[in-house]
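Lettering follows sequence order; numbering is per chain, from 1.
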Amino acid sequence: MRWSNYFIPTLREDPADAEVISHKLLLRAGVIRQLSAGIYSLLPLGQRIALKVMQILREEMNAIGGQEFYLPALHPAEIWQESGRWDAIGDEMFRLKDRKNTDMCLGMTHEEVFTAIARNEIRSYKQLPQVWYQIQIKFRDEARPKSGLIRVRSFIMKDAYTFDVDRAGLDKSFMDQREAYKKIFTRCGIKFLIVEASSGAMGGSESDEFMARTPAGEDLIVSCPSCGYAANLEKATSRLTAMPDEAGLPAPEEFPTPGVRTIEDLVTFPGGAEASRQIKSLVYIATIGGDPRPVLVLMRGDHQLHETKLGDALGSTAVRPAHPEEIRELLGASAGSLGGVGAKDKARAAKMDLRIIADSSLKGRRNMTTGANKDDHHIRGVEIERDIPVDSWHELRIVESGEGCPRCDGGVLEVFKGMEIGHIFKLGTKYSDSMGATVLTQDGKQVPIVMGSYGIGVERIISAAVEQRHDEDGIIWPQSLAPFDVVVTITNMKQDDLRQTGEKLYSDLERAGLDVLLDDRDERAGVKFKDADLIGIPYRITIGKKVAEGVVELYDRRAKQSEDVKITDVVDRVQALALAGS
RNA sequence: CGGGGCGUGGCUCAGCCUGGUAGAGCGCACGGUUCGGGACCGUGAGGUCGGAGGUUCGAAUCCUCUCGCCCCGACCA
């Protein structure tokens, strides 16, 4: 392409609306423009980059037997009603009605459509396994779109679905996808890690998230540098050093604590206890099976509760802290004086059924201090398993950096931010059951198809690449995603020898199969250099004064170094570099 | 949805507090001088000051409502 009439609207200054690096640079480099909140247009450079990503996705999906489909983005409500998600999903789904007043929606994912195809067409185990995928637009009415392309309402996704006769088949399909994903992100030049994640409302038994480490990410990742353990904070656990407790008292003992409202208060109160020797007691209202139920959550005094973990542990669709009035009604005290001892009796007296759930770090603890369910009073000498009727134990606390790795000895956990760039799920039979997709097995039994689903966001890959690969001058694309392999910069268009050399190299490089951008604009060299750095083309051939000696410069965007190369050698050099680079 | 911020030529912003009829830099067009890291000089085009209503002799400026965008939080198949 010739830059002089190619549309690359670069910006000299950071746009006011952009906060994160990738957003600023993608706008400044003329890759994207915003249409509305969370809605972006890909400009010619952006489309070239997206096409390169999609090509990689296709190649790796095809390599594991994937078959490319193209499904509609407009769906009838009917199939979503069948799967149960028409009601399960809230405002995040774009819903509309057609002229006949039939409910429709814009697809936010395609389990339903693919399952609908499978149930109509697949009858026998002999037709399995199937690996189906598409690269297509998705619509999600995000509560808060943000950070440029990182969280948007309309985006391109590669989504794949596998169909197997049994669990073992799914395990293999899942591993195939997992390996393909590793190759994809590696080819895209993104540093990533795979973390255990909560499946959430997607359903299914197991899911892995692919995360790109970047401060612009929205998730917190816990990882162990020693053994490679990695998990989303909502799923992560840690190993805590055991706390030696003295035997304490033969029975718990109540004592007055006037004015003590918080864990901190009790630490400094004479006769109080340090935070790690206190039991923090929180009342939550959890919706379980559609009914709100009070739950008393017990945590170590210096630990924080992770609400998602609480919800997962309870099998609850929603949890919220109880209001002060609800707490008083239930336990007869204010939030600063609650405890597990005698709590069930108090609740029963108030005609309520209280469930007690405790963080596993409290297991076996003795001589603890906690609230007495009586304002301005606490209880000491509590031996939790002796004195409190805990219904169940779970990992509920927020893991913090510096804690011990749960998988290996001696590993120390780090916590950092990451961006989700891919997510793979073992769905099992959630959709095949609800939508009736079955096959006959070899022995003539009708069984639900076992499914998996696997997604990668194209714009997320682009954002992650920019987040991880940039410097103060602009983007540094990996060769695999770069909109052009090389830019030929003619430093002065008024000099015929420079122009002719540039033109010749341009056509020679294109003939060699490279994507070439010829900067033939009537601009000063400095402007061209700045723009080339900004848009991040991996190599630049600078056509300057040394042409008289038969030499041009080859500039490496990433290394920011240039070397003189004979004009006769430069095509071979760039070709070799482009093949080798990523 | 809760909290905060911002809407003024294409872009980045000033002007608003204290009302008097709109400015700068960049970009753009033309002419000239320049020509290897975002040149310089001159001339010029370009703005219903997000929108509606109100107060006032007079509103970018004050008041009310509304729309949009950004950030934090909640949420996130």
Side-chain angles (χ1 to χ4, degrees), chain A residues 9-20 23-24 27-28 30 33-40 75 80 83-94 105-113 138-148 150-153 155 157 159 197-204 207 209 216 218-219 232 234 307-308 311 317-321 419-420 423 425 427 430-431 453-455 457 472-474 489-495 498 519 521-535 540-547 552-553 555 560 562:
Chain A
T10 58
L11 267 23
R12 293 192 179 212
E13 292 176 274
D14 282 341
D17 280 349
E19 190 94 353
V20 303
H23 190 196
K24 286 182 186 173
L27 286 168
R28 284 193 56 203
R33 282 295 181 265
Q34 182 175 34
L35 180 61
S36 179
I39 308 179
Y40 286 84
H75 303 178
W80 288 82
S83 73
R85 288 159 107 190
W86 181 259
D87 296 319
I89 295 171
D91 293 337
E92 213 171 302
M93 180 147 65
F94 281 103
C105 67
L106 298 179
M108 53 197 302
T109 175
H110 281 75
E111 280 77 16
E112 280 78 1
V113 183
K138 300 280 189 262
F139 297 94
R140 294 179 190 183
D141 196 1
E142 292 287 347
R144 183 151 95 84
K146 54 183 278 203
S147 308
I150 294 176
R151 192 159 205 82
V152 290
R153 297 194 288 171
F155 59 97
M157 186 179 210
D159 46 324
S198 167
S199 296
M202 193 74 175
S207 87
E209 277 176 325
E218 304 175 281
D219 290 273
N232 196 305
E234 67 193 21
E307 291 189 0
T308 305
T317 49
V319 295
R320 66 164 174 87
M419 183 200 307
E420 180 184 344
H423 202 160
F425 298 85
L427 294 176
K430 176 178 157 119
Y431 298 91
S453 120
Y454 318 88
E472 61 283 359
D473 290 318
T489 301
I490 300 170
T491 56
N492 189 336
M493 288 299 288
K494 295 195 173 57
Q495 293 181 26
L498 304 192
D519 195 347
R521 293 175 299 168
D522 188 14
E523 289 285 355
R524 292 160 60 89
V527 172
K528 297 187 175 193
F529 295 156
K530 286 288 184 189
D531 271 345
D533 283 351
L534 179 60
I535 70 172
R540 183 182 83 210
I541 297 171
T542 311
I543 315 287
K545 293 192 184 77
K546 289 178 217 157
V547 160
V552 293
E553 278 168 37
Y555 174 84
K560 300 185 94 164
S562 55

Mind checking [X] for me? I need base, sugar-phosphate or nothing, with any heavy atom below 4.0 Å counting as a touch.
| X | value |
| --- | --- |
| A:Y555 | base |
| A:D531 | base |
| A:K494 | base |
| A:R153 | nothing |
| A:R33 | nothing |
| A:Q34 | sugar-phosphate |

Under 3.5 Å for both donor-acceptor distances, Watson-Crick or wobble: does [N] have a partner, and if so which one?
| N | answer |
| --- | --- |
| B:rG20 | B:rC57 |
| B:rG25 | B:rC11 |
| B:rG68 | B:rC6 |
| B:rC49 | none |
| B:rA39 | B:rU33 |
| B:rG73 | B:rC1 |

Between [M] and [N] - [atom1] atom distance, rounded Å:
| N | M | atom1 | result |
| --- | --- | --- | --- |
| B:rU8 | B:rG50 | C1' | 10 Å |
| B:rA59 | B:rC49 | C1' | 11 Å |
| B:rC26 | B:rG68 | C1' | 26 Å |
| B:rG20 | B:rG32 | C1' | 41 Å |
| B:rC40 | B:rC67 | C1' | 44 Å |
| B:rU66 | B:rG23 | P | 34 Å |
| B:rC63 | B:rU55 | P | 15 Å |
| B:rG47 | B:rG7 | C1' | 14 Å |

Strictly below 4.0 Å: does [X] bring a side-chain N or O up to OP1 or OP2 of [N]?
| X | N | result |
| --- | --- | --- |
| A:K545 | B:rG36 | yes |
| A:R12 | B:rG38 | no |
| A:T489 | B:rG36 | no |

Would you please name every residue forming a salt bridge (Lys or Arg N to Asp or Glu O under 4.0 Å) with [X], sequence neighbours left out?
| X | value |
| --- | --- |
| A:K146 | A:E218 |
| A:K560 | A:D471, A:E472, A:D473 |
| A:E209 | none |
| A:R320 | A:E326 |

remark   = Side-chain atoms of A:K530 come closest, of B:rC35, B:rG37, B:rG36, to B:rG37
message = Among residues at least two apart in sequence or on other chains, which ones pass ring-ring contact (aromatic ring centres under 6.0 Å, His included) with A:Y454?
response = none
request  = Under the side-chain hydrogen bond (donor to acceptor under 3.5 Å, both in side chains) rule, collect the residues that match up with A:D91, sequence neighbours excluded.
outcome  = none
task = Identify, with sequence neighbours excluded, every residue that meets side-chain hydrogen bond (donor to acceptor under 3.5 Å, both in side chains) alongside A:E92.
result = none
So which protein nitrogen or oxygen atoms get under 3.5 Å of nucleotides 72-74 of chain B's nitrogens or oxygens?
residue : atom : partner : partner atom : Å
B:rC72  : OP2  : A:R144  : NH1          : 3.2
B:rC72  : OP2  : A:R144  : NH2          : 2.8
B:rG73  : N7   : A:R144  : NE           : 3.4

request  = Determine, for A:E19 against A:K24, whether the closest basic-nitrogen to carboxylate-oxygen distance falls under 4.0 angstrom.
outcome  = no
message = In terms of relative ring orientation, are A:F94 and A:F139 parallel, tilted or perpendicular, with 30° and 60° separating the classes?
response = perpendicular
query = Can the ring centroids of A:H23 and A:Y40 be said to lie less than 6.0 angstrom from one another?
reply = yes
query = Tell me, for nucleotides 8-15 of chain B in 5' to 3' order, what letter each nucleotide earns: B for a base near a protein heavy atom under 4.0 Å, S for only sugar-phosphate near one, - for neither?
reply = ---BSS--
